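Counting starts at 1 for both ligands and their atoms, following the listed order. These numbers were taken from a predicted model, which means no experiment stands behind them.
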Amino acid sequence: MPGDGIGPDVSQCATQVLNAVADRNGHTFRFDEQLIGGAAIDATGDPLPPQTIASCQAADAVFLGAVGGPKWSDPNAEVRPEQGLLKIRSVLNVYANIRPVKIYSELVGASPLRAEILEGVDMIVVRELTGGIYFGAKTRDESSASDLCLYTVKEIERIVRVAANLASARRGKLCSIDKANVLETSRLWRDVTDRVMAAEFADIEVETLLVDAAAMHLLSRPADFDVLVTENMFGDILTDEASMLAGSMGMLPSASLGDGTVGLYEPIHGSAPDIAGLGIANPCGAIASAALLLRHSLGLDKEAASIENAIAEAIAAGARTADIVTGGNKSITTWEMTTEIIRCLS
Ligand code: IPM
Ligand code: MG
């Protein structure tokens, strides 16, 4: 689902890389392109047409570019592109949004943070994706509006387990982020997290941070974090912040997973309508999302690693889109960056 803005640009790049990987490894991937978001509203009036849902449900994995744009963002609009995205996350029940934040040493200069703070940064943010304030009942009249934030014990247990399992396979550290000094949902989150961790993951070191403090610690000591787990909206906000460690939002991929192998893969960046079609968008987040797709939904670990290595090699060789230009490197286009990455595929 290419979606809107630069979504089609970066989706095309990801598809090209997947096809190049298929060629080199004797696979064939079948793509079924479908409408979502503003593009779907324009064509059908519905941000997630039934045909798109059916196609996603029949697929082994779902790739998404980005949705949204000023054309559809009137605060009084009844139908919005983002509704399509939230609905497909919910329909596919992909409750665990995995957002790895990895730093390429060559891009340290692209981050607004000092190099010594970035040394050793390697974290995964696990964002709860199908609950909380994004999905609670909403009201609006002339004088007031409300958004309900609701979490069940089961929703918290399952996301904490996903995060703890990831931490077990890494540095064994889990940081849970909430706002338990104010929010009842956060107090439940903290209780459930403490209970699950003590009962099932006694060997994992658990740290708990309030979300405001976490926003600060992400900038002051980002290298201390291994796996972070948090609710839907906090995860949305903190991952945009964390992307600055990597130099650009355009670098970060994400995988949204549920209980089965079908996942939804999307770069964390938005639709950036101002630069759509100009050939200056950074395709790395989308291409890295395609790597996650191969690993988590298709079980193609070697192929996934070859994409990730190719991105790293292209960057090491000096390939830079405008958002990550550093030192003496010139910027190249979205398409040239993709060609460079394909050239580096093993
Ligand atoms: C993201 C995006 C979406 C979200 C928007 C487009 C609805 O910001 O994937 O982080 O808030 O989840
Ligand atoms: Mg976001």
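- Of the charged side-chain nitrogens involved, none lies within less than 4.0 Å of a carboxylate oxygen, so that E207 and K173 do not count as a salt-bridged pair.
- Under the 4.0 Å criterion applied to side-chain N and carboxylate O atoms, R187 and D178 are not assigned as salt-bridge partners.
- Nearest protein neighbour of atom 11 (O) of ligand 1, counting heavy atoms only, is Y134 OH, 2.6 Å.
- When each atom of ligand 1 is checked for a heavy atom of R89 under 4.0 Å away, the hits are 1 (C), 4 (C), 9 (O), 12 (O).
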Check: residues 33-46 side-chain donor-acceptor pairs under 3.5 Å, at least two apart:
residue, atom, partner, partner atom, Å
Q34, OE1, Q51, NE2, 3.3
Q34, NE2, D32, OD1, 3.3
Q34, NE2, D32, OD2, 3.2
D42, OD1, W72, NE1, 3.0
D42, OD2, K71, NZ, 2.6
T44, OG1, A40, O, 2.8
T44, OG1, D46, N, 3.1
T44, OG1, D46, O, 3.2
D46, OD1, L48, N, 2.9

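- Nearest protein heavy-atom neighbour of atom 2 (C) of ligand 1: D236 OD1, 3.9 Å.
- For ligand 1 and R99, the ligand atoms under 4.0 Å from any heavy atom of the residue are 1 (C), 9 (O), 10 (O).
- For the pair E157 and R195, the salt-bridge criterion is met [side-chain N within less than 4.0 Å of a carboxylate O].
- Close contacts between ligand 1 and R127 involve ligand atoms 1 (C), 4 (C), 9 (O), 10 (O), 11 (O), 12 (O) [criterion: under 4.0 Å to a heavy atom].
- The atom of D236 that is an N, O or S and sits closest to the Mg ion (ligand 2) is OD1.
- By the neighbour-count criterion of 12 heavy atoms within 6.0 Å, atom CG of D23 is densely surrounded, having more than that number from other residues, nucleotides or ligands.
- Panel note: side chain D226, backbone R171; a donor-acceptor pair is recorded below 3.5 Å.
- The Mg ion (ligand 2) has no N, O or S atom of D240 inside 2.8 Å of it.
- Nearest protein heavy-atom contact of atom 5 (C) of ligand 1 is L85 CD2, 4.2 Å.
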(message) With salt bridge (charged side-chain N to carboxylate O under 4.0 Å, His left out) as the criterion, how do R89 and E266 come out once you've worked through the C-alpha distance, each side chain's angles and the decisive distance to 0.1 Å?
(response) CA-CA 11 Å; R89 288 171 175 172; E266 36 173 331; 3.2 Å; yes
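- In this structure, the protein non-hydrogen atom closest to atom 7 (C) of ligand 1 is E82 CG, 3.7 Å.
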